[in-house]
Amino acid sequence: MVHLETDIFIIGAGGSGMYAAIAAARNGAKVIIADKSMIGRGGATIMAQMTTAAALGDEEPDHWTMHLEDTLLAGRGLCNEELSSVLCKEAIDRIREMDDWKVGWARKNGKITGVGAPGHRKPRCVYVDFLNTGPAVAKCLRTQIVRNAEVTRISGLLITDVVVEDGVVVGAVGFNLADQTPVTIAAKAVIIAAGGLTRLYSRNSASANMNGDGYAMALRAGAELIDMEFPQFFPIGHLAPRLVGMDPIMWDPFRYKLGGRLRNAKGEEFVHEYGGQDEGKYLTTRDIISYAITKEEEAGRATSNGGVYLSFEHLLEEELRSAFGPVIDRLAANGIDLTKRPIEVAPIAHYHMGGIKVNSRMETSVLGLYAAGEAVGGANGANRLSGNALVEAFVFGERAGRFSAIYATGKQRGWSNKSGIRHLDSLNNLISCKHSDDPEHAELGQIWAELQNLMWQNVGVLRTGLKLKKTLLRLRSIRENLEEVTPAKGQAFNLTLQDWFDLRSGLLTAEAVTLSALNRTESRGAHQREDFTETKQSFERNQSISLDRNGSLNSRFVTSKNFSELKNAR
Amino acid sequence: MNEMKDRVTITVKRGAQNEEPHFEVYRVPYREGMSVLDAIMWIRTNIDSSLAVRYSCINANACKECMVMVDGKTQYACTTRLLNRDTTIEPLSNKVLIKDLVTDIVPPKENLHFIVKNIPSNV
Ligand SMILES: Cc1cc2nc3c(=O)[nH]c(=O)nc-3n(C[C@H](O)[C@H](O)[C@H](O)COP(=O)(O)OP(=O)(O)OC[C@H]3O[C@@H](n4cnc5c(N)ncnc54)[C@H](O)[C@@H]3O)c2cc1C
Ligand code: FES
């Protein structure tokens, strides 16, 4: 066993976790940051190829309040306006700060340049060429923490639980993936920066590590979640032909720069039938396009792979090359010539609007517990604008780091030698349990597959009460029986122990999404009910989820403060 | 029988650091264009979840965690296409083996045990 001590402990080293580490350290704290994958590589941040939004106003006039208006409009009445305004305002500071750190934002005539995107009235989406925003950002932030003597980085450390005593966070528990060494960390404050949940869906753009650990850890620690019914479906995820070496959401930048046309299997354009606008331009928001494609599929007008066509055949080779140079070669290596054939696309789970409930200091309802990045809910309401997620990671990461460091100043660590015993015991039980003698052991893999299919089929783009109810029952029963499923034998890099903990989080998080979706008997943004198609004024409220002592999830609707109230309060 | 025709034979070198390595053979359903990582993930989901492998981004070739030897050549498992013929997958030969396809590629300063040894006063 290993015991570590620090001021601030950060779970997850994506954009939000790394920014939090930088901010906590410059506000005087010692930091340990851990990732179950490798520092800076495991999550969505390094995979984000496109853009990030900030109202810099360098190229043409823009203002953060305009960015805010766009964000609130897209959020369909559910944004926590305080969080949204912090996001839009401080996005500018973070983008400029990273510019100072030489992240490499694309420039025109010496000025940081931006592109447009659906829902943004100004071309404020900045990027690093070519399709390199995420990798550049991850490298830039990693370099900052590597240089910082106050920050200790640990790769391959999976955190299972945040430890809370008498209502106050005292640290966390986890294990070293390479050899199953149990690890306890005493800390004055803990930041959950563990990213999203899209791996819960069989069609997703997720990395292997995005299975809702952060949400589940927060629930078990006694914190509340909000807006869990709103995972975002990215409408034009790559479906066919099989493409390797590219991120499945790669067609978005193509749409920004080149338009492209969506057609069903009969060759007809259809987006306008669902209240959108297409005509070779990229103007319609994600929720509407996801809905339109799913409806076309239902009506039997999908391709044999279950998607629709996206075509750039009307463009010239030179136009494609000047917009995407090296990417065109990567496509060619996959046997794809866009001037000759369309590709097939379909919605995939891509991001989570919901998450841990925090105030603008990123404090959860549990003293000493903070959250940041995609793990946080509220800033994007029922639908997120593209480009708003990376800046959410930077802005909320910086805030979580800063405010947790201020909170920790002058405090003592609350860890005693009894702390974390309960969590350690259950970890040790799993490690030393009587393992299945069957060397061919794929039970955990099969449960994962079932979970992902359940979520995609029943809690995906189009939902009905009946399917949601059935799913909820099934998820509960798998969750209750998980104790009986054992990891395989062996200490060295035993992935089945990780599978078990991933499932434990995944099942609880999936249940939170399903319960929330069942209770919201209306349609709004990314949540579309076939049995309740109207958007209802009475549901312009947020749903909050908590875990009770018996391990059951409870939901209640709350009215979040709107902006005018906040302004008056100031 | 038809089903077996659409399967391809994958041989994986397995074993942890202090064990005698052995080769295990799997028959994996073949789909045109699939990656070597797709095959490994299929084995983990359907036959043996204890097969150890390191990967994160699955498709994006962003995380660079998935390097293995495919038929003797160093490759990213997620971007190497599986060919419709017998294929052998082994761990990197120039790195310290941890288990099966996983080798030690973590920067030393980010390794738990290194930190415990070298940063004793992590206060
Ligand atoms: C393919 C893709 C493309 C995208 N493109 C864009 C884009 O162009 N623009 C945009 O604004 N947004 C984009 N997004 C969304 C955006 O990338 C994410 O919302 C954002 O990067 C989240 O950052 P984060 O730090 O909160 O989480 P992540 O970057 O996901 O990091 C979370 C980290 O936590 C670790 N972790 C999880 N659980 C544990 C645990 N139990 N113990 C230890 N560590 C743990 C994970 O391994 C991971 O490294 C994209 C997302 C994807 C998937
Ligand atoms: S899995 Fe990320 S590069 Fe291969």
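A note on names: the letters A, B, ... follow the listed sequences, proteins ahead of strands, and every chain is numbered from 1. FYI, side chains are in, hydrogens and waters are out, and symmetry mates aren't considered; it's all heavy atoms of this structure.
Using a 3.5 Å distance cut-off with no hydrogens or angles, the side chains of B:Arg81 and A:Asn334 do pair a donor with an acceptor. Between the side chains of B:Arg27 and B:Thr9, at least one donor N or O lies within less than 3.5 Å of an accepting N or O.
With a 4.5 angstrom heavy-atom cutoff, B:Glu19 does not touch chain A via any of its atoms. For a residue to count as touching a neighbouring chain, one of its non-hydrogen atoms must lie under 4.5 Å from one of that chain's; by this rule A:Met38 touches chain B with backbone and side chain alike. Heavy atoms closer than 4.5 Å to chain A are found in the side chain of B:Asp38, but not in its backbone. Heavy-atom distances place both the backbone and the side chain of B:Val106 under 4.5 Å from chain A. When heavy atoms are compared at a cutoff of 4.5 Å, A:Ala492 approaches chain B by way of both its backbone and its side chain. At a 4.5 Å heavy-atom cutoff, the contact between B:Leu112 and chain A is made by backbone and side-chain atoms alike.
Ranked by heavy-atom pairs under 4.5 Å with chain A, the first of B:Asn18, B:Ile43, B:Val53 is B:Val53. Options A:Ser155, A:Ala44, A:Ser37 differ in how many heavy-atom pairs under 4.5 Å they form with chain B, and the most are formed by A:Ser155. Among B:Ala52, B:Ala16, B:Ser56, the residue making the largest number of heavy-atom pairs under 4.5 Å with chain A is B:Ser56.
Relative to the six-membered ring of B:Phe114, B:Lys109 misses at least one condition, a distance below 6.0 Å or an angle of at most 45° to the axis. A cation-pi contact, defined as under 6.0 Å to the ring centre and within 45° of the axis, is absent between B:Arg44 and A:Trp448.
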